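Everything quoted here is computed from the prediction, not taken from an experiment. In what follows, chains are A, B, ... by sequence order, proteins preceding strands, each numbered from 1.
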Amino acid sequence: MSGPSGGAGTRATGLRSTGAPFVPFGRKLPGAGLRSVISACAERRRLARSHRTERPGGPTHRVACSALARHSAGMCGRARLSTDASEIKLIFSIPPHRPTPNFAPTWNLAPTDPLPIVRFDAHRGERSLDVMRWGLVPYWASDIKIGYSTFNAKAEGLDARPAFREPFRRRRCLVPLDGFYEWKKLGDKRQPYAVALADRRLMAVAGLWDSWRSPQGERLRSFTIITTKPNELLAPLHDRMPVILDPRHWPAWLGEEAADPAQLRTLLAPYPADDMAIWPVGPRVGNVKNNDPSLIEPVAAPA
DNA sequence: CCAGACGTTGTT
DNA sequence: GTCTGG
DNA sequence: CCAGACGTTGTT
DNA sequence: GTCTGG
């Protein structure tokens, strides 16, 4: 409702000790009245959302994209990078005199976490390595929270979406990863898998970046990981996978070589299944507070 | 024209 | 159920 | 991506 | 900033 706020400190007063108990969200309630109120609110929000994407009369381009997206969702939301910065610079041919950013090795990288990414500094004609936040916040955004839902960008229609169109043209980057995780649905359970290149080399994932200025005037640079259809190895786990780029395509993607959007789009294809490896891992990776090399230790294959 | 979204995931 | 935080 | 939080009223 | 919806 639209009543007054109740003043500062309301939330800090804690739970009330008498009267109706706090109503858990999404749970069955003893009284039908309150449930119906909450259900109505949820339903209203759900309708508002579907109204945006499933408008029945004459689908627009955006609606068509969203409808397509509904059954081919994106996915790459947890990753790892324990290779140190100096080695990353060697692998990506970043000149030694360029800054070597500090970052902690991670076996459980999540959206909003910082990660070093590779760009082409056209002014100097060199590649660079800079730490950015995972979850692209467009420069026009009013709220950083949009980054919670822009950690992936679907390759299909990149040049049509407001959040990614300009980054796709001018702000492409490579995201160095040792690998990432996928959760496979098994009935009502979810089994995490580690994913890597077959030879365990560092992988270069296609990304986009942007620079955002917060209301307080601070600059935030952030990036997203592009997803595409899965190869035969990953298809049993999920219906999307991140775009991994072969080194021979790095110059075009980084903008060191001229490439038109059509050429760039052809690069956004599933990586060969024969060059990748997957194995099931334990459930501890689900909690971002766990972060150590044991997270990628193989466990017995699920039934 | 202005107001408001702009994204992905998840589910059956 | 939906959203935020990590 | 998953884990975990999530609210209002009234009164002083 | 740019696009869609009204």
Side-chain angles (χ1 to χ4, degrees), chain A residues 1 3-7 9-11 13-29 34-35 37-46 48-53 55 57-66 69-80 106 108-114 133-154 157-167 180-185 188 190 192-193 195 208 210 212 224-227 237-240 242 283-291:
Chain A
M1 309 304 276
S5 70
T10 300
R11 292 182 64 181
T13 58
L15 296 177
R16 198 170 70 134
S17 58
T18 61
F22 171 65
V23 176
F25 291 76
R27 300 273 192 80
K28 296 257 199 263
L29 304 178
L34 194 44
R35 175 176 58 221
V37 168
I38 292 175
S39 300
C41 290
E43 181 70 2
R44 213 160 25 243
R45 284 193 297 272
R46 193 190 64 77
R49 255 195 325 283
S50 59
H51 188 67
R52 283 203 296 274
T53 55
R55 175 169 293 281
T60 62
H61 179 67
R62 185 185 301 194
V63 168
C65 285
S66 298
R70 211 141 40 83
H71 285 287
S72 59
M75 158 55 188
C76 178
R78 212 65 79 79
R80 59 184 185 278
T106 179
N108 205 347
L109 181 88
T112 71
D113 285 343
R133 172 184 156 118
W134 187 9
L136 187 148
V137 183
Y139 69 96
W140 43 256
S142 57
D143 193 332
I144 194 176
K145 289 193 189 71
I146 192 175
Y148 284 121
S149 52
T150 49
F151 57 85
N152 286 155
K154 292 169 62 63
L158 270 189
D159 41 12
R161 296 173 180 275
F164 302 131
R165 177 177 170 161
E166 203 55 28
F180 53 93
Y181 301 96
E182 301 276 15
W183 276 259
K184 181 181 186 177
K185 277 171 291 199
D188 56 352
R190 301 179 65 85
Y193 283 76
V195 185
L208 308 172
D210 208 339
W212 177 70
T224 187
I225 284 176
I226 299 175
T227 65
L237 304 186
H238 276 288
D239 54 4
R240 304 291 293 179
R284 292 177 60 245
V285 68
N287 193 322
V288 294
K289 289 174 182 167
N290 301 320
N291 194 338

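For the salt bridge (charged side-chain N to carboxylate O under 4.0 Å, His left out) test, residues two or more places apart in sequence or in another chain that qualify with A:Asp143 are A:Lys145. Residues forming a side chain to side chain donor-acceptor pair (under 3.5 Å) with A:Asn290 (at least two apart in sequence, or on another chain): none. A:Pro167 is linked by a side chain to side chain contact (heavy atoms under 4.5 Å, CB included) to A:Leu136, A:Arg171, A:Leu208, A:Asp210, counting only residues two or more places apart in sequence or in another chain. For A:Arg190, the side chain to side chain contact (heavy atoms under 4.5 Å, CB included) partners at least two apart in sequence or on another chain are A:Trp183, A:Lys185, A:His238. Under the rule for a side chain to side chain donor-acceptor pair (under 3.5 Å), the partners of A:Arg78 that lie at least two apart in sequence or sit in another chain are A:Asn108.
Protein atom CG of A:Leu208 is 13 Å distant from nucleotide atom P of B:dG7, rounded to whole Å. Rounded to an integer number of Å, the gap from CD1 of A:Ile146 to C1' of C:dT4 is 15 Å. We find that CG of A:Asp159 is positioned 17 Å from C1' of E:dG1, with the value rounded to whole Å. Atom NZ in A:Lys185 sits about 10 Å away from atom C1' in B:dT12, given to the nearest Å. Atom CZ of A:Arg80 and atom C1' of C:dG6 are 19 Å apart (whole Å). Rounded to whole Å, atom C1' of D:dA3 lies 13 Å from atom CZ of A:Arg190. In this structure, A:Leu136 atom CG and B:dG7 atom P are separated by 11 Å, rounded to whole Å. Between the C1' atom of C:dT4 and the CH2 atom of A:Trp134 lies a distance of 17 Å, rounded to the nearest Å.
Remark: A:Arg165 is in phosphate contact with E:dC3, judged by side-chain N or O atoms under 4.0 Å from OP1 or OP2. Close to D:dG4, at under 4.0 Å from its OP1 or OP2, lies no side-chain N or O of A:Lys289. Residue A:Arg161 has a polar side-chain atom (N or O) positioned under 4.0 Å from OP1 or OP2 of B:dT8. Regarding contacts with the backbone of C:dG5, a side-chain N or O of A:Tyr148 is found under 4.0 angstrom from either OP1 or OP2.
Counting any heavy atom pair closer than 4.0 Å across all strands shown, A:Ala110 reaches a base atom. Among the protein residues, A:Ala153 comes within range of the sugar-phosphate backbone only, with heavy atoms under 4.0 Å from sugar or phosphate atoms but none that close to a base. Residue A:Phe151 is in base contact, counting any heavy-atom pair closer than 4.0 Å across all strands shown.
Residue-to-nucleotide contacts include no donor-acceptor pair under 3.5 Å from the side chain of A:Thr112 to the base of C:dG5.
Taking a pair as Watson-Crick or G-U with both hydrogen-bonding distances under 3.5 Å, the stems of three or more pairs touching DNA chain C are C:1-6 with D:1-6.
Which of B:dT8, C:dG6, E:dG1 sits closest to the side chain of A:Asn152 comes down to B:dT8. Among the nucleotides D:dC2, B:dT8, B:dC6, the one closest to the side chain of A:Pro162 is B:dC6. Distance from the side chain of A:Asn287 is smallest to D:dA3 among B:dG7, C:dG6, D:dA3.
Looking only at distances, no side-chain donor or acceptor of A:Trp134 sits under 3.5 Å from a matching main-chain atom of A:Ala110. Judged purely by atom type and a 3.5 angstrom limit, A:Thr224 has no side-chain atom pairing as donor or acceptor with the backbone of A:Gly135.
For the P atom pair drawn from D:dA3 and B:dG10, the interatomic distance equals 13 Å after rounding to whole Å. When the P atom is used for both C:dC3 and B:dC6, the distance is 12 Å, rounded to whole Å. E:dG5 and B:dG7: their P atoms are spaced 12 Å apart (whole Å). B:dT12 and D:dC2 are spaced 14 Å apart, taking the P atom of each and rounding to whole Å.
Ring-base stacking between A:Trp140 and E:dT2 is not satisfied when judged by a centre separation under 5.5 Å and a plane angle under 30°.
The shortest heavy-atom contact between A:Pro283 and A:Pro192 is CA-CG, 4.2 Å.
With values rounded to the nearest 0.5 angstrom, A:Asn152 atom CG is found 10.0 Å from A:Ile226 atom CD1.
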